[in-house]
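Just so it is clear, the values below take in all heavy atoms, side chains as well, and ignore hydrogens, waters and symmetry mates. Residue numbers start from 1 in every chain, and the chains themselves are labelled A, B, ... in the order their sequence lines are given, proteins ahead of strands.
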Amino acid sequence: MMSRKQRIDLGESSREASTNKRSKCETPNNINPWTGAPYSARYLSILETRQTLPVYLFRDNLVEAVKNNQIVVVEGQTGSGKTTQIPQFILEAGFVTPGETSIACTQPRRVAATSIAQRVAEEMDVELGQEVGYTIRFEDVSDPVKTVLKYVTDGMLLREAMSDPLLKRYSCIVLDEAHERTLSTDVLMGLLMEVLPKRIPGSKYGELKVVIMSATLDAEKFQEYFHGAPLMKVPGRTHPVEVFYTSKPEANYVEAAVRTTMHIHECEGPGDILVFLTGEQEIEQACEEMREKAGAMGKDLPELVVYPLYSSLPPQQQRKIFERAPLPRVPGGPSGRKVVVSTNIAETSLTIDGIVYVVDPGFSKQKVYNPRIRVESLLVSPISRASARQRAGRAGRTRPGKCFRLYTEKSFHEDLQETTYPEILRSKMSNVVLTLKKLGIDDLVHFDFMDPPAPETLMRALELLNYLGALDDEGELTDLGYQMSELPLDPQLSKLIITSPEFGCSAEIVSIVACLSVPQVFMRPREAAKAADAAKAQFSHPDSDHITMLNVYAAYEAIPDRDRRQWCWDNFVNDRAMQNAYNVRQQLLGIMRKLDLPLVSSDRKGDGSFAFTDIRRALTAGMFMHVAYRQRSGDYLTAKDNQLVALHPSSVVISRPDWVLFEEFALTTRNFIRTVTVTNIDWLVSMAPHYFDLENFPECEAKAELEQAYARLAHSRRKT
DNA sequence: GAGCACTGC
């Protein structure tokens, strides 16, 4: 289709006009049309502030554009007010029928969905959860009838779409932060491409309007994708940031970051510093060096406090970054300075006020997917120019700032990519494919992805789902596949849950799966490593990290609520992780009930004695595509893919068994497999003969074993 | 005998 590009520009005169018109239609009387109650004084004062937002000037044009087009793209910089205002404009312009349809505005993160909903409820002078609400996993603060504007995580809207593929409940979808290109946003965009032609004016469920909001310059790419939908540009409100580059490349970016930070502290005026590094280890190391150097600089300089920031840090330590910089050493002297050394979490998820200086070495850890060996891993990689601009922008939130890039200007222009590859090009597609099949998309090859994943990646996903029995040989969703799509898990874990009742241990498997879907169950602080290992040893089962997790979870659940925190602390167990695992488990139990999957425990006496062999067999039935075997040389090789791997040193399995199944492939200093359980070849061939078929099994040491196992299997079948 | 970017359902 030919692309029809439009651009809505506003001259000064039209701004005047729209401002004048606004005041008349805004408050015809002082009654809130949503509640029928008089507006509060607070509403009127918030309204004044709202009207100073840059986006306010674009109100009439936006409403006009939405009226005349099914899709509108909005490019709005940070501070434009687009996220809070645009859904309200659409609402006020009458694009919803209360009680029948509403607006959904998606956000990539939960905190954003909840806090923005809270803010907008205040602005509209309504109670949160009534006319304005939010829905995130585990929490639905909305009313099925009354809510006309709902903020949701993008993943949540995708879940909703699985039971309502035409999105009948909505007359308008606002996709916010589309430039972040999360997996869910990308799938939603593709889905909208399918749905929009079925939701035109006069169609059964009425017209569906879509507003795509992006904060970066690639809004034109969205315009292109949506067949030339009109693009509206809303300016933001930020301060200028001066950018500096190094004259030659830095050999060691951590050392350079420390040096630059100390230089800023010595030579630059007041203002806090934000330093971007890639991971926990690097960050802790840099923090130590900075503290050391600041100590050595003596008392002539103002005090420097250094805070690390990464997501696995406990919340109370994360909150420290918001503390004010230290006071001057002497009354009237220069005030102290705060340095926050952070992962990418400070690039989008967390905003720290008062940052004036940004140090950007130009790297971050990024997920990459290698379809050839079916492995997702994290790699330290150069960031994109878009990401570098976003980082620099963090220096200009409260006043003009400076950004120090630890690479050359030439490198910025010539070596960095313009934008980061969207997540969909860096992930395995097994879950996405299952979702799309559930959404009724049959032809995946021609599905209109904004950036289509590599064909090999899609093939791998189809192959995996076929091996798991979720898709038949024609690529149609099977009954098992339907059940799997209901579970918010990776397909292999879904399969594990669904088959676990057959092994008489679904209660245990659902606990294990809940633990696997939260990060970091075991804590191991460097200074208390021995004590932590001893604590873990109490729970460990020599044949299985999975069962070790189950033992911890079972012990945790047996502790009364009020003692759990202390118990976790005493046993080096991550309290937050266990609470999350509990929530996940409850959700999974609910879905199991819905799917009529029986909850059976292998602990038949109820005294905590689980049938470990049954559990290991159930794990084998779900995870047969993730196994490795020991070669005569002593090294482990993954079955079929022939990848050389090592058991991770954190594993409780130290007996060097012949066959193991594993949860995770971690490419770090070596190729490690993490979270492993002992299995055996006889189970594998009897449970997954279609995967361990001799014909397609590559020549390797295991092949002879495989043949023997099949012979044993045939022999035992003849006997019975 | 070593490590864990970040989200999300």
Could you tabulate the donor-acceptor pairs under 3.5 Å formed by side-chain atoms of residues 655-663 of chain A, not counting sequence neighbours?
from, atom 1, to, atom 2, distance (Å)
A:R656, NH2, A:G634, O, 2.5
A:D658, OD1, A:R630, NH2, 2.8
A:W659, NE1, A:E705, OE1, 3.1

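Looking at heavy-atom distances under 4.0 Å, A:L158 makes no contact with the nucleic acid at all. Among the protein residues, A:T278 comes within range of the sugar-phosphate backbone only, with heavy atoms under 4.0 Å from sugar or phosphate atoms but none that close to a base. A:R109 comes within 4.0 angstrom of the backbone, heavy atoms only, and of no base. At the heavy-atom level, A:E347 lies nowhere under 4.0 Å from the strands shown.
A close approach under 4.0 Å does occur between a side-chain nitrogen or oxygen of A:R110 and OP1 or OP2 of B:dC9. Between A:T348 and B:dT7 there is no side-chain polar atom (N or O) within less than 4.0 angstrom of OP1 or OP2.
Judged by a 6.0 Å distance limit and a 45° cone about the ring axis, A:R524 is not positioned over the six-membered ring of A:F572.
Set against B:dG3, B:dC6, B:dC9, the side chain of A:S349 has B:dC6 as its closest nucleotide. Taking only side-chain atoms of A:R524, from C-beta outward, the nucleotide of B:dT7, B:dC9, B:dG3 with the closest atom is B:dG3. Counting only heavy atoms from C-beta on, A:Y310 has its side chain closest to B:dC6 among B:dG3, B:dT7, B:dC6.
Applying the ring pair (Phe, Tyr, Trp, His ring centres under 6.0 Å) test to A:F522 and every residue at least two apart in sequence or in another chain returns nothing.
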